[in-house]
Amino acid sequence: MKTYESGCVAIPKVNCPEPNQCQIPLGCNRESGVCEYDEIDCNDGNECTYDYCDPIVGGCVHFSNDTICSIQASQLANCFIGGVCGDFGCEYEESDCDDGNPCTDDYCDIEKGCVSDLNDWNCDSLNACSQGICTENGCVQQEVDCDDDGSLPVPIHCYDNNPCSENTCNPSTGCQFTLNNSNCDDGKKCTIDQCVPNGCTHTNITCPPKRVVDIILIGLICRNHYCDQSTGNCVPDMSSVSLLCI
């Protein structure tokens, strides 16, 4: 290093070695005179691979690590038998919760494990004179007692999973389901409440522009209208003017 009378200092140029396959050259640090490099990011976004860069191999290496997936599966042992590392992360083998009963709804609960719920709906024979009952041994069809000897008949359970329909049983035809809009009332004046096969719908009332008498401008003026939340009626917006009136 040589110092001149002007105060300038001449620092010999440092020739930085070529980076290896795992380095990104950043150049020479002017203060320290040291060549600096950054490491290549080899993260492939897969939670179960061990990622690193091997300069001998010449780039990133990704090793599948099934141990990570096995540990995660053991934490969910009620619903998973094991886990292996796949192309996009851990893949788990689910527990088989099928109890062999065609009328139960079988599923796995993370806390409880396998659960089998009896579901009479799975036993519906579509026969107006019988009621399907789900038992631990499968479906049992129980005939309706139509004798008038005073014994109580077995009721048919009519339910279509629609909360807004009226479910009744007709002795001649069986179950009947009638859509009832009153069961969908959301308490809002400015919505149209309807019962449809899949449940309730609530549609906001839209109010088209109409001509109204304006006492200031003296004449019929086209005004936008909106739904009054307190009455459910369309009322004019006196602060707006519309060109949409026919």
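In this text the structure is predicted, and so the values were computed from the model without any measurement.
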Name all pairs fulfilling the side-chain hydrogen bond (donor to acceptor under 3.5 Å, both in side chains) condition that reach into [range], sequence neighbours left out, sorted by first residue then second.
| range | value |
| --- | --- |
| residues 190-199 | Asp186-Thr191, Thr191-Asp193, Asp193-His202 |
| residues 97-108 | Asp99-Thr104, Asp99-Ser116, Thr104-Asp106, Asp105-Asn119, Asp105-Asn122, Asp106-Ser116, Tyr107-Asp117 |
| residues 81-97 | Gln72-Tyr92 |

Determine whether the interatomic SG-SG distance for [Y] and [X] falls below 2.5 angstrom.
| X | Y | answer |
| --- | --- | --- |
| Cys184 | Cys164 | no |
| Cys90 | Cys48 | no |
| Cys53 | Cys60 | no |

Rounded distance [0.5 Å steps], [atom1] in [X] versus [atom2] in [Y]:
| X | Y | atom1 | atom2 | value |
| --- | --- | --- | --- | --- |
| Cys195 | Glu166 | SG | CD | 8.5 Å |
| Cys190 | Ile205 | SG | CD1 | 5.5 Å |
| Leu118 | Cys103 | CG | SG | 6.5 Å |
| Asn224 | Cys207 | CG | SG | 10.5 Å |
| Asp44 | Cys42 | CG | SG | 9.0 Å |
| Cys139 | Asp124 | SG | CG | 9.5 Å |

Scan side-chain atoms only and decide if Thr49 and Asp51 contain a donor-acceptor pair under the 3.5 Å cut-off.
->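 Yes, a side-chain donor-acceptor pair sits under 3.5 Å.
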
Who passes side-chain contact (heavy atoms from CB on, under 4.5 Å) against [X], sequence neighbours left out?
| X | answer |
| --- | --- |
| Tyr37 | Cys16, Pro17, Pro19, Gln23, Pro25, Cys35 |
| Asn233 | Thr231 |
| Pro55 | Asn20, Cys22 |

Checking one residue: [X]. Which other hydrophobic residues are in its cluster under the side-chain 4.5 Å linking rule?
| X | value |
| --- | --- |
| Val84 | none |
| Ile40 | Ile24 |
| Ile56 | none |
| Ile68 | none |

Indicate the atoms forming the closest heavy-atom contact of Lys189 with Cys227, along with that distance.
->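 Of all heavy-atom pairs spanning Lys189 and Cys227, the closest is O-SG, 4.5 Å.
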
For Pro163 against Asn161, the heavy-atom pair lying closest together |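 Heavy atoms only, the tightest pair is CD-O, 3.7 Å.
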
Asp120 side chain vs Cys134 backbone, donor-acceptor pair below 3.5 Å |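 Checked: pair present.
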
Does Asp160 have any side chain to side chain donor-acceptor pair (under 3.5 Å) partners at least two apart in sequence or in another chain, and if so, which?
->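 So Asp160 forms a side chain to side chain donor-acceptor pair (under 3.5 Å) with Ser165.
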
Going through the checks in order, is the side-chain contact (heavy atoms from CB on, under 4.5 Å) test met by Cys79 and Ile110?
-> CA-CA 6 Å; Cys79 290; Ile110 295 298; 3.9 Å; yes

Can you sort out the partners of Tyr50 under ring-ring contact (aromatic ring centres under 6.0 Å, His included), two or more places apart, ordered by chain and number?
->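 With sequence neighbours excluded, Tyr50 shows a ring-ring contact (aromatic ring centres under 6.0 Å, His included) to Tyr52, given in chain and number order.
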
